[in-house]
Amino acid sequence: MQIDTESDPLSATHPSTEKQKNLAALLVRELKDMGVGDARVDEYGYVYARIPSNTSKQVPAICFCAHMDTAPDCSGKNVKPLVHKNYDGGNIVLPDDPSQVISPAEHPYLAQKKGEDIITASGTTLLGADDKAGVAIIMDMARFLVDHPDFAHGPVRILFTPDEEIGRGVDKLDLGKLEADFGYTLDAGELGSFEDETFSADAVTITFHGVSAHPGYAKDKLVNAIKVAAAFIDSLPRDELSPESTEGRYGFVHPVHMEGIPEKLTLKYIIRDFVTAKLAGYEEYLRSRLEDTLKKFPGSRADFVVSEQYRNMKEILDLHPDVSEYALEAIRRAGIPVKRSSARGGTDGSRLSFLGLPCPNIFTGEMAFHGKHEYVSIQDMQKSVETTVYLLQVWEERS
Ligand SMILES: [Zn+2]
């Protein structure tokens, strides 16, 4: 937690911040010290490690993946992790800024953690449990495998990535180097939660063209692209089809950026749904509203460009039902009720799945991430370690 690994969306380098390699180097050293000989960090800051199979069976190579960087939304410098042993169920006041209080009233999940050991930051930074909880869980799993040579398992791959939080976590990943058949990211929240579904995502860029004229002499000449865009945005509903009015399985269209002058204006939308086929419907809807708007502004015109961003990993995971089924069995073996959920966003797993490494997401206990109230239960992390070990057991048994 104390190693600053904040990523930087404005940087063009890989990794985006050189300091992420400090954690990568430490992890490689610790893996080697514990007896995982085949561990290395590459020039882009990716950590690759492998633990060979110790069974005579042919078992697919399973990769466990977590990201090392922390979100740029909140400082990751001088993080002071605190352990609140045997949590009493009340408010947790963070000592370096007592106005920062983690309360069970605001965090209902925390209320269920009474009697457990809770890790928090000290009030001025994020904690970085997202996703250093995942990193720690995978390291502990590796330790278990090394310490228990009689525990039968197939080939195990370990992958720690930089820059997940800025959407570049797999940009420089070498799947050839990894040589894994299936993967699991350790980056979901509540105990027992399992995500095998993400949004499918497109972006739409609309460029409005107006007709410019000197405003003093513009009568019957000027067509202001800013007013055309405003009318278009206003023609779309706010009480439905918007992030602020949807949850669960519902998708949305969402304006995220607007920039321009009366002559020309660019407006960007993101389009989201779990059902990929519905994206085209939303785009058609936008297009028809746009045409209606343009009719009200004679002389104006617009370009409409759709680009693909990422796709629901379930499309790939449905082709390999064992990957999710075995994970659910492992969670049950760890004695935990399964909470199946869908990520209303993308994960590295969605990109990995489409690159050829089917990769759902398993719980770590990390909660309230990207802020000063971030926390994680040590007992949740231990259950996650058990789940990864059972998962290897299930793969070996069923192969
Ligand atoms: Zn994360």
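Computed from heavy atoms alone, side chains included, the values below leave out hydrogens, waters and symmetry copies. Predicted model only: the values in this text are computed from it and were never measured. Order of appearance sets the numbers: ligands from 1, and atoms from 1 within every ligand.
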Query raised in the report: Would a 4.5 Å heavy-atom cut-off, applied to side chains only, mark Lys264 and Thr207 as touching?
Result: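 They are in side-chain contact.
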
Query raised in the report: Short question: side chain of Ser122, backbone of Pro95 - any donor-acceptor pair under 3.5 Å?
Result: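 A pair under 3.5 Å: no.
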
Query raised in the report: Just by distance, do the side chain of Thr17 and the backbone of Lys19 share a donor-acceptor pair under 3.5 Å?
Result: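 Checked: no pair found.
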
Query raised in the report: Among Lys278, Arg311, Arg272, Lys268, which one satisfies salt bridge (charged side-chain N to carboxylate O under 4.0 Å, His left out) with Asp202?
Result: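 When Lys278, Arg311, Arg272, Lys268 are each tested with Asp202, the salt bridge (charged side-chain N to carboxylate O under 4.0 Å, His left out) holds only for Arg311.
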
Report task. Run through Thr5, Asp348, Asp163, Asp187 and flag the one making a side-chain hydrogen bond (donor to acceptor under 3.5 Å, both in side chains) with His67. Result ->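 That would be Asp187; it is the only one of Thr5, Asp348, Asp163, Asp187 passing the side-chain hydrogen bond (donor to acceptor under 3.5 Å, both in side chains) with His67.
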
**Report entry** Atoms (protein N, O or S; no water) under 2.8 Å from the Zn ion (ligand 1)
**Finding:**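 If we list every protein N, O or S atom nearer than 2.8 Å to the Zn ion (ligand 1), we get 4.
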
Requested in this report: Please lay out, stage by stage, how Phe252 and Phe199 fare under the test ring-ring contact (aromatic ring centres under 6.0 Å, His included).
Outcome: CA-CA 10 Å; Phe252 55 74; Phe199 270 151; 5.7 Å; yes

